[in-house]
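Take a look at the structure below.
Below, chains carry the letters A, B, ... as their sequence lines are ordered, and counting in each starts from 1.
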Protein chains: 2
Amino acid sequence: MRLRYGRRPEAVSAQPGDLALPLVPDAPDPRAGRAQNGGGMAAKRSRTSAGERPADGAAPALRQGQVTINHVAALAGVSPTTVSHVLSGKRLVAAETRGAVYDAIRRLGYRPNHVARSLRTRRSHMIAVVVPDITNTFYSMLTRGLADALDREGYGTYVCNTDGLLDRESKFLVDVFDRGADGIVLAAVDAASAGVLKPADMGVPVVCVGHRLDHPRIDVVTVDDERGSYEVTRHLLTRRPERMAMIQGLNGTPRLSGFTRAVAEAGHALDPSLMVTGDWTRHGGYEAMRQILGRRSRAYPDAVFCANDLMAIGAIEALREARLDVPGDVAVAGFDDVDAATIVHPPLTTVVNPAYDIGVNAGKLLVSRLSGEYDGDGREVGLPCLLVVRESA
Amino acid sequence: MRLRYGRRPEAVSAQPGDLALPLVPDAPDPRAGRAQNGGGMAAKRSRTSAGERPADGAAPALRQGQVTINHVAALAGVSPTTVSHVLSGKRLVAAETRGAVYDAIRRLGYRPNHVARSLRTRRSHMIAVVVPDITNTFYSMLTRGLADALDREGYGTYVCNTDGLLDRESKFLVDVFDRGADGIVLAAVDAASAGVLKPADMGVPVVCVGHRLDHPRIDVVTVDDERGSYEVTRHLLTRRPERMAMIQGLNGTPRLSGFTRAVAEAGHALDPSLMVTGDWTRHGGYEAMRQILGRRSRAYPDAVFCANDLMAIGAIEALREARLDVPGDVAVAGFDDVDAATIVHPPLTTVVNPAYDIGVNAGKLLVSRLSGEYDGDGREVGLPCLLVVRESA
DNA sequence: GCTGCCCTCCAAATCGATTTGTGATTCCGG
DNA sequence: CCGGAATCACAAATCGATTTGGAGGGCAGC
């Protein structure tokens with residue numbers, strides 16, 4: 001008759017006491033629990049692996065004080081297998097035994113080693129987000145939304161800044177893959193990086209932000225930029241402007257096309273000299289506006305749509321310098337609705353680009369694949385962007 | 001006579017060709033390389049571990065297509081040990097052999113599994129940064145600086161947002177520890193969390209931002225807030241104001257004391273009703289300023305120092321609403337020099353808080369410990385903060 | 001020809017967990 | 001009182017790398 005389980009040995013020599021994380025529990029002598037449980041079958045265990053090392057001189061003890069599942073098993077008087085099952089719940093374990101295990105865990109302050117677990121399960125519970133620059137409000141918002149969505153599900157967030165450089169982008173992509181990230185959110189400007197395809201083909205879920213990647217299993221979350229710019233342009237048009245201008249960003253098609261569509265619908269003609277390009281920065285917007293104002297023909301535009309708020313802010317600065325009133329002389333609208341949009345004077349009319357929601361949705365898409373709840377073709381979730389009218393237009 | 005090494009077998013059945021990351025190299029039949037090398041000692045290897053599994057029905061193949069060090073070894077006709085040594089350079093390997101190994105690596109598209117490596121070496125090459133909110137420019141700047149400094153050294157960055165909540169802070173701290181982070185940067189508001197001590201005591205390097213933690217081995221990077229506020233206050237005093245006000249932040253001593261020191265030095269008296277507290281946000285600054293303006297006594301302050309730029313911006317808004325001119329009626333100064341400081345009108349006089357540099361320095365501190373270059377007591381690096389005079393004061 | 005050393009490489013143990021196949025009990029109904 | 005099902009725990013293999021003691025061949029010196 002075995003009287004092992006449920007009879008947690010009274011733990012004579014389990015020194016580490018009740019500390020949450022014992023400082024030096026290096027030798028919670030595994031044999032302590034063993035000796036008391038009747039010495040039956042448990043004693044015949046003969047593996048020489050960890051947890052058995054008594055205190056012979058050659059103790060490795062690198063990051064010292066590691067309490068392993070073996071220590072717990074020994075103290076609880078069960079096998080490591082059982083401890084694992086108690087923890088994961090993958091197989092039934094008698095209530096009494098379970099209690100003993102939990103007790104041992106508490107006494108030793110055991111914390112599972114995630115790395116070892118990851119190796120075996122091939123799950124790191126970490127996802128990576130690749131952005132051009134976390135310093136940019138849009139991306140930090142996105143990252144925050146993502147982190148919040150993932151945190152709820154027990155996933156951690158790993159961040160990479162590419163600065164929009166293609167080589168950094170692919171470098172990070174393989175790095176992240178090698179690190180065993182469970183999923184990847186790609187919000188880099190140039191999502192065309194061949195690097196993404198590897199992880200995606202290797203079975204790591206990838207969700208892309210913005211770009212629609214031509215891959216059967218990559219999810220995408222987009223915002224309807226085209227529609228947003230269309231709406232804000234239509235708003236500008238209600239002021240019946242004579243000359244519409246636009247400061248577009250480097251290779252930014254959807255926002256441009258929303259603008260042209262609205263203008264065309266209204267039957268306006270577009271003066272090509274009023275269509276200039278900025279580099280998405282505040283300074284770029286400033287320069288672009290100066291370029292517009294410096295044209296030969298003195299006919300100033302009376303409404304300007306900027307492809308993002310930063311450039312709109314720069315544009316307003318240039319206009320102020322030129323002693324032009326906003327919105328009196330020229331109306332200005334932006335895109336994104338960053339914090340700064342309400343800090344400039346006058347407050348910017350713009351379109352909200354729901355960065356936080358994009359992050360949350362990317363997270364959900366990822367989680368649904370990771371949990372196995374979804375496993376089909378690439379999906380696309382499109383987020384609307386709302387027009388918010390303030391004083392600049 | 002052994003003719004093994006240097007004689008990479010001509011690889012008859014190394015199907016995966018030259019792909020960088022073969023899609024399904026599940027069975028680059030390990031025995032292929034083996035059979036050709038003379039069948040000498042190599043054949044006597046009898047372990048049944050990975051890489052030996054032929055193609056029997058029960059193939060696990062979770063994240064399929066993993067090329068392991070064993071595959072490489074087999075193809076190169078050497079042992080896994082040798083491959084490892086080639087990769088790490090920890091022991092000499094004959095040039096010929098090395099070539100064969102590299103060749104096999106290339107052909108198979110082998111990439112080391114970081115998780116397995118971490119398990120053995122106890123190094124994850126990942127550090128964690130714990131911040132209140134990555135969305136806050138100060139923290140995203142800090143994170144960026146940190147990431148840049150670490151990236152150079154081959155470390156990745158893992159981000160946690162605590163929202164300033166103590167329980168989240170400690171939760172993340174143990175999470176990060178369990179995940180095997182090699183180091184931790186703690187920039188959370190309440191660095192007093194007992195959670196930090198665990199990792200620190202367990203030998204994981206920790207560097208704290210701002211707070212001076214009372215622990216012998218925790219490095220700290222601080223900025224001289226007190227000095228900064230002192231300087232900016234002195235600047236305000238050059239305008240010979242009658243009534244100085246300050247909007248301080250929740251529990252923010254150093255900035256407050258710099259202010260009081262400067263005021264006292266100038267021989268001014270402080271009206272307690274002109275010392276109010278905001279919650280570090282723009283709205284908080286707005287409310288605080290309204291509180292000041294709404295006092296019984298009609299004597300408006302003529303100079304206000306705000307503990308951060310966000311509150312200064314809010315304060316300016318409140319002043320504009322009250323039709324008070326900045327800096328004509330009242331001068332305003334902030335602290336941090338965020339982007340928005342130059343977007344408000346008038347541009348804000350402030351003190352630059354070198355967030356990026358803080359991050360870089362935190363990274364350096366960490367790296368110096370991780371590389372073993374330094375291993376002493378906790379250090380402290382203090383960064384100066386520069387006064388930048390613009391139009392608001 | 002023998003000893004001893006150097007150069008290369010290998011076998012086996014190890015990191016700390018999870019996963020299965022299987023053995024041992026107990027509980028039932030027939 | 002027996003056979004089968006249900007329950008519970010264990011041993012051993014495994015994840016993919018690193019690490020260390022040692023083996024074997026080649027060569028020099030005596």
Side-chain angles (χ1 to χ4, degrees), chain A residues 1-2 4-6 40-42 44-53 58 60-63 66-73 76-88 90-98 101 110-123 178 180, chain B residues 1-2 4-6 40-42 44-53 58 60-63 66-73 76-88 90-98 101 110-123 178 180:
Chain A
M1 166 195 168
R2 288 164 62 211
R4 182 185 310 105
Y5 52 82
M41 137 171 308
K44 94 180 169 213
R45 186 141 63 101
S46 64
R47 54 196 308 217
T48 54
S49 74
E52 294 296 320
R53 112 178 74 98
L62 278 171
R63 181 191 201 147
Q66 252 292 24
V67 178
T68 76
I69 202 173
N70 293 295
H71 296 154
V72 173
V78 301
S79 78
T81 310
T82 302
V83 177
S84 175
H85 285 147
V86 167
L87 257 22
S88 69
K90 291 211 169 184
R91 278 200 190 175
L92 279 172
V93 173
E96 260 181 325
T97 312
R98 219 182 316 139
V101 169
Y110 166 74
R111 331 216 81 255
N113 180 320
H114 282 51
V115 176
R117 177 179 290 174
S118 292
L119 175 58
R120 182 66 231 242
T121 61
R122 291 160 177 294
R123 290 245 141 168
D178 289 345
Chain B
M1 163 194 170
R2 288 166 59 209
R4 182 184 311 105
Y5 52 83
M41 135 169 314
K44 98 177 164 216
R45 184 142 65 100
S46 64
R47 55 197 308 219
T48 53
S49 75
E52 293 297 320
R53 115 177 73 93
L62 277 171
R63 181 188 201 150
Q66 252 292 26
V67 177
T68 78
I69 202 174
N70 293 295
H71 296 154
V72 173
V78 300
S79 78
T81 308
T82 302
V83 177
S84 175
H85 286 146
V86 167
L87 256 22
S88 69
K90 293 212 167 181
R91 278 201 190 174
L92 279 172
V93 173
E96 257 183 328
T97 311
R98 218 181 320 137
V101 168
Y110 167 74
R111 332 216 81 253
N113 180 320
H114 281 52
V115 176
R117 177 177 293 173
S118 293
L119 175 58
R120 183 66 232 242
T121 60
R122 289 159 177 291
R123 291 245 138 172
D178 289 344

So, for I69(B) and Y110(B), which heavy atoms are closest and what is the spacing to 0.1 Å?
N-CE1, 3.5 Å

Is V115(B) touching bases, backbone alone, or none of the nucleic acid, heavy atoms closer than 4.0 Å?
nothing

Ignoring hydrogens and angles, does a donor from either the side chain of R120(A) or the base of dT14(D) sit under 3.5 Å from an acceptor on the other?
yes

Both A95(A) and S88(B) contact DNA chain D. Taking the nearest nucleotide for each, which residue is further toward the 5' end?
A95(A)

Nearest-nucleotide pick for P112(B), side chain only, options being dG16(C), dA17(D), dG22(D)
dA17(D)

Under 4.0 Å between a side-chain N/O of S79(B) and OP1 or OP2 of dC10(C), yes or no?
yes

Quick check on dG16(C): is either OP1 or OP2 less than 4.0 Å from any side-chain nitrogen or oxygen of T68(A)?
no

So which atom in V101(B) and which in V72(B) form the shortest heavy-atom distance, rounded to 0.1 Å?
O-CG1, 4.2 Å

With a 4.0 Å cut-off on heavy atoms, is H114(A) in touch with a base, just the backbone sugar-phosphate, or nothing at all?
nothing

Side-chain N or O of T82(B) versus OP1/OP2 of dC10(C): is the shortest distance under 4.0 Å?
yes

Look at the side-chain N and O atoms of K90(B) and state whether any lies under 4.0 Å from the OP1 or OP2 oxygen of dT19(D).
yes

Just how far, in rounded Å, is P of dG16(C) from CZ of R111(A)?
15 Å

So which atom in Q66(A) and which in H71(A) form the shortest heavy-atom distance, rounded to 0.1 Å?
O-CE1, 3.4 Å

Atom NE2 of H71(A) to atom P of dG16(C): distance rounded to whole Å?
8 Å

Picking from dT18(C), dG16(C), dT8(C), the nucleotide nearest the side-chain atoms of A116(A) would be dG16(C)

Interatomic distance, Q66(B) CD vs dT14(D) C1' [rounded to whole Å]:
14 Å

Correct closest heavy-atom pair for P80(A) and A73(A) would be N-CB, 3.5 Å

What's L119(A) touching, base or sugar-phosphate or nothing? Going by heavy atoms closer than 4.0 Å.
base

Where do R123(A) and S118(A) come nearest, in terms of heavy atoms and distance?
O-OG, 2.9 Å

Any donor-acceptor N/O pair, R98(A) side chain to V93(A) backbone, under 3.5 Å:
yes

Rounded to the nearest angstrom, tell me the gap between atom CD1 in I69(A) and atom C1' in dA9(D).
14 Å

Base of dA11(D) paired with side chain of T81(A) (donor-acceptor, under 3.5 Å)
yes

Looking only at side-chain atoms of T121(B), point me to the closest of dC9(C), dG16(D), dT18(D).
dT18(D)

Between C1' of dA17(C) and NE2 of H85(A), the distance in whole Å
12 Å

In terms of side-chain heavy atoms of V78(B), which of dA17(D), dC10(C), dA17(C) is nearest?
dC10(C)

Rounded to the nearest angstrom, tell me the gap between atom CZ in R123(A) and atom P in dT14(D).
23 Å

Separation of N70(B) atom CG from dC15(D) atom C1', in whole Å?
11 Å

I need the CG-C1' distance between L92(A) and dT26(C), as an integer number of Å.
15 Å

